[in-house]
Amino acid sequence: MATEDELKNMSPEQVAELQKENCIFCHISEHKVPAKIVHEDDSSIAVLDINPATRGHVLILPKKHYQVMPQVPDREIGHLFKVAKSVAHALLKSLGVQGATVFVANGALAGQKAPHFMLHVIPRVDKDKIPLSLPKKSISPKELQMIRERLAPRIKHHLGYEIRSAGKAEAVKEKKAVDVPKKDGDILDKVSGMFK
Amino acid sequence: MTACKNCELLKKEELIIFEDEQVAAILSDTPATVAHVIILPKQHYTILEQAPDEIVEKLGIVANKISTAIFESLNIGGTVVMIQNGTVAGQDVPHLSVHVFPRTENDELSLGWDTQKVSDDELSMLASQISKAVLPVGTVPVQQTVQKEVPADQIDGDDEDNYLIRQLERRP
Ligand SMILES: [Zn+2]
Ligand SMILES: [Zn+2]
């Protein structure tokens, strides 16, 4: 491990290299560490979680090292979701389960345990007592309006969506899977800071 | 008699915060946490395996961007992106959706799981079973039929009796 002083003097490329060297999931992607692989292609690998929520719990990883989801380019996130569809389908067929939870914990506070972005696919059966249900809380129209006002400018920034002042939705021309590897310094610092 | 709740949501313009031809993002009016966004394909697919790849891909991209937007505009510690695929996974509306919601320190959600001990032998056996069933991306057969919207007169009773939900509980 590098000392703090050494880290300060490193280029971003060197820091990235160091993160990879210390990342067990990068080692798994490169077959340097054995894992129970259930799927692999050019950009992704899916392995069994060795500390599963239940038998057949799968982790889908991009082979490239991304700490958090905002760093993952569109093409790759799209691909990982398609792999999740394949895996969910495979769990139903091979294990005879009745459903699956696809889960991403983004940020340590959301339950992300390792600094390598991943999707969990967890096989589910009736009354399995895995606590992944969502409460339904109430919210006032005024609060919803406040949230909309906060979110709208950022959503417009990322997805090019225009919200008319009347509150009427206006569809925009479809943006087909454009790669926008935007440097979101703020969020990344905030989120990745949690792993330091 | 109730129509599909998510098809109904797609008509609530006051809740829509993003849409294109294929998908829409909607502010949940029954949120798990404040600023809970539900991303829906506009076409009515019950579960993930029914949605064509281009829709699945789009849902992932939009979920990532909405999650990022939530990060940037609210003072929160993280986000969860989640698909409840099947009633046993907590899916309560028979229309595929991706949930994106922020996590904060005091949100009182209990999301997570206890881990189980599974022996190395059993893991190997499971991996061999599952890997044989994983189809390459682009080759998962589309499940069941797909409807633009489920008319009210095709769904009877409450969610428990809903034929689409029952259809989710595909048993081997
Ligand atoms: Zn890594
Ligand atoms: Zn519907």
Side-chain angles (χ1 to χ4, degrees), chain A residues 36 38-39 48 51-56 69-70 74 77-78 81-83 85-90 93-94 96 98-107 109-111 124-126 130-137 139 144 147-148 150-151 154-155 158-159 161 167-169 171-172 174 177 187, chain B residues 13-14 16-21 27 29-32 34-35 48-49 53 56-57 59-61 64-69 71-74 77-86 88-90 103 105 110-113 115-116 118 123-124 126-127 129-131 133-135 137 140 169 171-172:
Chain A
K36 310 295 180 192
V38 298
H39 169 80
L48 288 185
N51 297 305
T54 184
R55 295 163 75 256
M69 197 167 59
D74 287 356
I77 202 87
F81 268 67
K82 289 186 282 186
V83 174
K85 170 179 150 180
S86 292
V87 168
H89 181 65
K93 277 200 309 180
S94 61
Q98 296 139 15
T101 299
V102 179
F103 188 87
V104 178
N106 193 36
L109 209 144
R124 303 294 305 272
V125 293
D126 200 18
I130 300 174
L132 285 169
S133 56
L134 299 179
K136 289 183 193 294
K137 295 179 184 156
I139 190 164
L144 281 171
I147 293 161
R148 171 186 282 276
R150 293 287 284 277
L151 286 186
R154 297 316 298 164
I155 289 177
H158 291 291
L159 284 157
Y161 186 60
K168 176 148 167 56
V172 288
E174 181 195 344
I187 339 164
Chain B
E13 284 181 346
E14 71 278 12
I16 296 175
I17 53 169
F18 167 78
E19 69 176 317
D20 65 12
E21 282 110 29
L27 278 175
D29 55 2
T30 54
V34 163
L48 196 54
E49 292 93 316
D53 278 350
V56 174
E57 183 174 33
L59 289 173
I61 292 168
N64 191 9
K65 292 188 188 298
I66 299 266
S67 162
T68 303
F71 256 133
E72 289 168 340
S73 42
L74 302 166
T79 61
V80 163
V81 175
M82 185 170 170
I83 301 173
Q84 299 173 310
N85 207 39
V88 294
R103 295 298 310 269
E105 212 134 0
S110 60
L111 280 181
W113 48 83
T115 56
Q116 291 190 13
V118 182
L123 284 172
S124 297
L126 285 165
Q129 251 178 300
I130 296 165
S131 61
V134 180
L135 299 168
V137 164
V140 181
E169 295 177 333
R171 286 163 211 275

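Heavy-atom basis, side chains included; hydrogens, waters and symmetry copies ignored. Letters go in sequence order (proteins before strands), and every chain restarts at 1.
- Screening L48(B), V140(B), V137(B) against K82(A) for a side-chain contact (heavy atoms from CB on, under 4.5 Å) leaves a single residue, V137(B).
- Residue contact with chain B, scored on non-hydrogen atoms closer than 4.5 Å, involves the backbone and the side chain of A53(A) alike.
- Ranked by heavy-atom pairs under 4.5 Å with chain A, the list V80(B), D29(B), V81(B) is led by V81(B).
- With chain A as the partner, the residue from A35(B), P31(B), S67(B) showing the most heavy-atom pairs under 4.5 Å is P31(B).
- Interface summary for chain A: among L135(B), L123(B), V34(B), the most heavy-atom pairs under 4.5 angstrom belong to L123(B).
- Using a 4.5 Å cut-off between heavy atoms, V125(A) contacts chain B through its backbone alone, with no side-chain atom that close.
- Taking both residues in full, the closest heavy atoms of L109(A) and G77(B) are given as CB-O, 3.6 Å, listed atom of the first, atom of the second, then distance.
- Looking at T101(A), the atoms closer than 4.5 Å to chain B (heavy atoms on both sides) sit in the backbone and in the side chain alike.
- Using a 4.5 Å cut-off between heavy atoms, L134(A) contacts chain B through both its backbone and its side chain.
- Remark: side-chain polar atoms of R148(A) are paired, donor with acceptor, to backbone N or O of I16(B) under 3.5 angstrom.
- Contacts with chain B were tallied for P131(A), S133(A), G78(A); P131(A) has the most, counting heavy-atom pairs under 4.5 Å.
- Contacts of S124(B) with chain A are made by both backbone and side-chain atoms, with heavy-atom separations under 4.5 Å.
- Residues forming a salt bridge (charged side-chain N to carboxylate O under 4.0 Å, His left out) with R55(A) (at least two apart in sequence, or on another chain): E122(B).
- Residue K93(A) touches chain B through its side chain alone, counting heavy-atom pairs closer than 4.5 Å.
- Between chain A and the residues T115(B), I83(B), I66(B), the most heavy-atom pairs under 4.5 angstrom are made by I83(B).
- Nearest heavy-atom pair across F81(A) and V56(B) is O-CG1, 3.4 Å.
- A distance-only check finds a donor-acceptor pair linking the side chain of N64(B) to the backbone of M69(A) [under 3.5 Å].
- Rounding to the nearest 0.5 Å places CG of N85(B) at 11.5 Å from NE2 of H89(A).
- Using a 4.5 Å heavy-atom threshold, the side chains of I147(A) and I139(A) count as touching.
- The residue among T79(B), V118(B), L126(B) with the most heavy atom pairs within less than 4.5 Å of chain A is T79(B).
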